[in-house]
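Okay, structure first, notes after.
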Amino acid sequence: MLALSIGFGIITGGVLALAALGLSLLFRTVKFINFSFGDVLALGAYLAFFFNVTLGLPLLPSVLLGMLFTGIVGMVIHKVVVKPLKETVKAGPLTLLIATMGVAFIIRNLILIVWGPEPKMYNVATQEAMKLGPFLITPIQLTAILISVLIMVLIYLLLQYTKMGKMIRATADNIDLARIRGIRTESVVVWTWIISSCLASLAGVMLGLMGAVDSHMGIEMLLVIFASVIMGGIGNPYGAVAGAMIIGITMEVSSSFALSEYKSAIAYLLMGVILLLRPKGLFAR
Amino acid sequence: MRKKSMLKKMGLFVFLLGLSLVTAPAPGMAADPIPIGILLPYTGPLGWVAACQAGADIARDEINAAGGVLGRPIQIFIADDEGKSDSAIAGEEKLINIHKVPAIVGPTSVTFRSVMPIAIKNKVVQISPTAGTTALDFVKEKYVFRTVSSDLVMGTGMVFEATKRGYKKAAIFFGDDESAQSIRGVVVPACKAAGISIVGDVTFTQRQTSYRSELLSAFKNKPEVIFFEADPQTGAVIFKQWTELKLGGDWIGTDFVSDQFLQATWPSSKGVGAVQPAAKMNPRNEAFAKEVEKRRGKPGVPVFTVNAYDAMMIIALAIESAKKVDGEALAENIRKVANPPGTKVYSFTEGAKLLRQGKKIDYEGLAGPQNFDQYGNVVTSLGIFKIEDNQRKVLGYLDENDFGSLLEKVRELYATQKK
């Protein structure tokens, strides 16, 4: 039972990790909390639903198109809301947090207007779980976990070994210095918004595949995503991934001990304890 | 300049024409409408409940077609409580203070106790077609009524259905909200009274991304039947993961197994059952069902629709009996028109005619006899449903005659438990 719950936790944590990675990456570069991230995640899931069910495309191209359009939405949020606020009124992190909260409301209500309040399902048959060592997992969940791992590796490689990655890291460390050194920081910020939104979209699709796509899925996940990011150390993408796995596993294991209604509370309690011991998070630099 | 003046005149004409259309009474009715409020969750996780408003709309149209109440048409004003206390309070205040309603149909179990003090303070009748919560079972307030049975009846009906199917081992699987916990609080003593042992007991938080560990806990000791309540979004995740884990078992749910639940959970929920308020089929109810289907443009009568119809009918007849539009007089006349003694009536036309002749009436609802006890509760019939072929199919009906003895035992156990 414990092994099974750990397996279920890895499935949940894997999806959560993608979202946490996206949010952490963005925070590291833009230095404020993007409160619309959860609703961007939901929008990504709905866009993939649109391509998959409404237009009848296979799942993979639907997911890719969903990510592409969500990436564009991320760029639009930056260009239309964040950048003008920063440039015209020199908005600080708190103002931007509240502004993105407004964006979140707009996205959620647009979703309700377009798709209605009923949950939606992708055009994918429900699969039966198979035994994989001590774990029970469906082929689609296994694929989702493998894709999550692959994406995380790709992000690591992007950040560590590509010119773009170096520019992102330089901009995140000191945007003024990066600009002086000739880095087109605006372009870096735009790309970070796009990558972060694409990751949110992918996490949204994976959540939808595990249950259903629903207009509140983003806002309900947001607290858990924040908890993962904080636990791992704000602005540390790898810490966010570890935080997500810890939270996913904690929630599932506590459910198997008949503490289901407290599973979120237990995860937050654990976060509190970790922050008491390591105030900057597990992997803070 | 002349053009501008012409435009102004035309604008004024259009404005006045529009105004006259807005305030124009229904044909044949010169008097001011009587405002009646409806407070339901039109949005949010309980948004599916609001489909029952169709019942109140049909009742209003029948009443208005029959000449209205005291010669005045009924006008419905709605407010969205979003299934949340703060929105429910705002909606209740809006209906009472802006629209000056003497009665409000709604809300659900989740918000009823938040708005109840406001209704009592303002002497407005609060009559819910949906709030089955056992928290209202012994609330003795002049202005509080329900046209739907307490969860005590539904929970007992669920367990009675399990005994009919010969089950001896059950698991209970309920959310941590008031509605679900209210029914859980009935199912536990009902299982005890019916000799069913509870081998799994899980309380979960709605809207999580995974219920796999919860499902394994509930199924650990191989229950034959699982009593449950989950909203459509949560149900979508639960039944998908239940299918993935190949856990088996027979599920019996509550009134949450609605059309929206079906839409969200099909095909994973194939074979899932429910016992919930439903009107027994007879020619009157069949005609009503046809009207509902015509208005909705799709088959099926949403849960609580008959209860909403009955609520509106009882309000109208009580105003007719009180001979004035006043919350206090209305509250005093509800039992007079709905309970025996009196001539049994089945429509507003019949009831109003007898009341105008000074006779006593006993309104018989679509959902059941609608006889209010001292706490404003009624006992209405239940339907047994099963999800098959992407539909909620009716397998049969239950009423107090079927499970009355079990209900008595449960009432005793429940009362002891409460003490």
Side-chain angles (χ1 to χ4, degrees), chain A residues 1-2 4-9 11-13 15-16 19 109 112 116-121 124-130 135-141 203 206-217 219-221 224 248-249 251-265, chain B residues 41-48 50-51 82-83 173-177 180-181 200-220 231-247 258-270:
Chain A
M1 181 80 179
L2 185 64
L4 287 176
S5 291
I6 291 172
F8 298 150
I11 297 170
T12 308
V15 176
L16 202 53
N109 285 291
L112 279 169
E118 297 85 16
K120 310 281 181 221
M121 295 278 189
V124 178
T126 305
Q127 298 171 330
E128 292 188 346
M130 57 186 186
F135 307 131
L136 272 176
I137 193 163
T138 64
I140 205 150
Q141 286 161 0
M206 287 185 179
L207 278 175
L209 283 169
M210 288 178 191
V213 178
D214 134 53
S215 58
H216 283 70
M217 64 194 285
I219 190 70
E220 272 152 20
M221 280 300 288
V224 190
I249 293 170
M251 286 170 80
E252 286 293 341
V253 170
S254 58
S255 299
S256 69
F257 287 106
L259 294 167
S260 176
E261 67 264 49
Y262 303 112
K263 68 181 186 183
S264 300
Chain B
Y42 289 85
T43 57
L46 294 175
W48 55 272
E82 300 172 34
F173 201 74
F174 285 89
D176 57 4
D177 50 291
Q181 286 302 305
D201 184 357
V202 173
T203 297
F204 58 84
T205 305
Q206 308 262 14
R207 305 291 193 99
Q208 301 288 309
T209 51
S210 168
Y211 292 98
R212 298 180 189 90
S213 296
E214 287 88 339
L215 284 164
L216 286 188
S217 285
F219 281 83
K220 197 175 161 191
D231 66 34
Q233 289 82 352
T234 306
V237 181
I238 288 173
F239 286 102
K240 192 165 197 175
Q241 295 176 352
W242 170 67
T243 308
E244 285 170 4
L245 296 172
K246 298 174 276 184
L247 292 168
S258 59
D259 285 343
Q260 287 75 5
F261 181 92
L262 168 69
Q263 197 185 333
T265 57
W266 179 261
S268 303
S269 58
K270 188 181 173 194

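Nothing here was measured: the structure is a model prediction, and the numbers come from that model. First the proteins, then the strands, lettered A, B, ... as listed; each starts at 1.
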**Study point:** Non-hydrogen side-chain atoms of Glu220(A) and Gln208(B) separated by less than 4.5 Å
**Key:** no

Check your understanding: Is there side-chain contact between Arg212(B) and Thr12(A), with heavy atoms separated by less than 4.5 Å?
Key -> yes

Exercise for review: Measure the OG1-CD distance between Thr138(A) and Glu244(B) for me, rounded to the nearest 0.5 Å.
Suggested key: 4.5 Å

Practice item. Pick one of side chain, backbone, both or neither for Leu2(A), based on which atoms fall under 4.5 Å of a heavy atom in chain B. Key: neither

Check your understanding: Side chain, backbone, both or neither: which part of Met210(A) has a heavy atom under 4.5 Å from chain B?
Key -> both

Point to revise | Distance in Å, Glu261(A) CD paired with Thr203(B) OG1, rounded so as to fall on 0.5 Å steps | key: 5.0 Å

**Study point:** Residue Glu252(A) versus chain B: region with a heavy atom under 4.5 Å
**Key:** both

**Study point:** For chain A, the option from Val202(B), Leu216(B), Asp176(B) that forms the most heavy-atom pairs under 4.5 Å
**Key:** Leu216(B)

Study note, to complete from the structure: Applying a strict 4.5 Å limit to non-hydrogen atoms, the region of Gln233(B) in contact with chain A is both

Point to revise | Ile11(A) portion near chain B, given a 4.5 angstrom heavy-atom threshold | key: side chain

**Study point:** Between NZ on residue Lys263(A) and CZ on residue Phe204(B), distance to nearest 0.5 Å
**Key:** 10.0 Å

Practice item. Check whether Met221(A) gets within reach of chain B through its side chain, its backbone, both or neither, counting any heavy atom under 4.5 Å. Key: side chain

Practice item. Using only heavy-atom distances, determine whether the side chains of Thr243(B) and Thr126(A) contain a donor-acceptor pair under 3.5 Å. Key: no

Check your understanding: Non-hydrogen atoms of chain B under 4.5 Å away: do they reach the side chain of Met130(A), the backbone, both or neither?
Key -> neither

Revision key, fill the gap. Value for OG (Ser268(B)) from CE (Met121(A)), rounded to nearest 0.5 Å, stands at 5.5 Å

Check your understanding: Rounded to the nearest 0.5 Å, how far apart are CD1 of Ile6(A) and OG of Ser213(B)?
Key -> 10.0 Å

Point to revise | Segment of Ser215(A) engaging chain B (4.5 angstrom heavy-atom cut-off) | key: neither

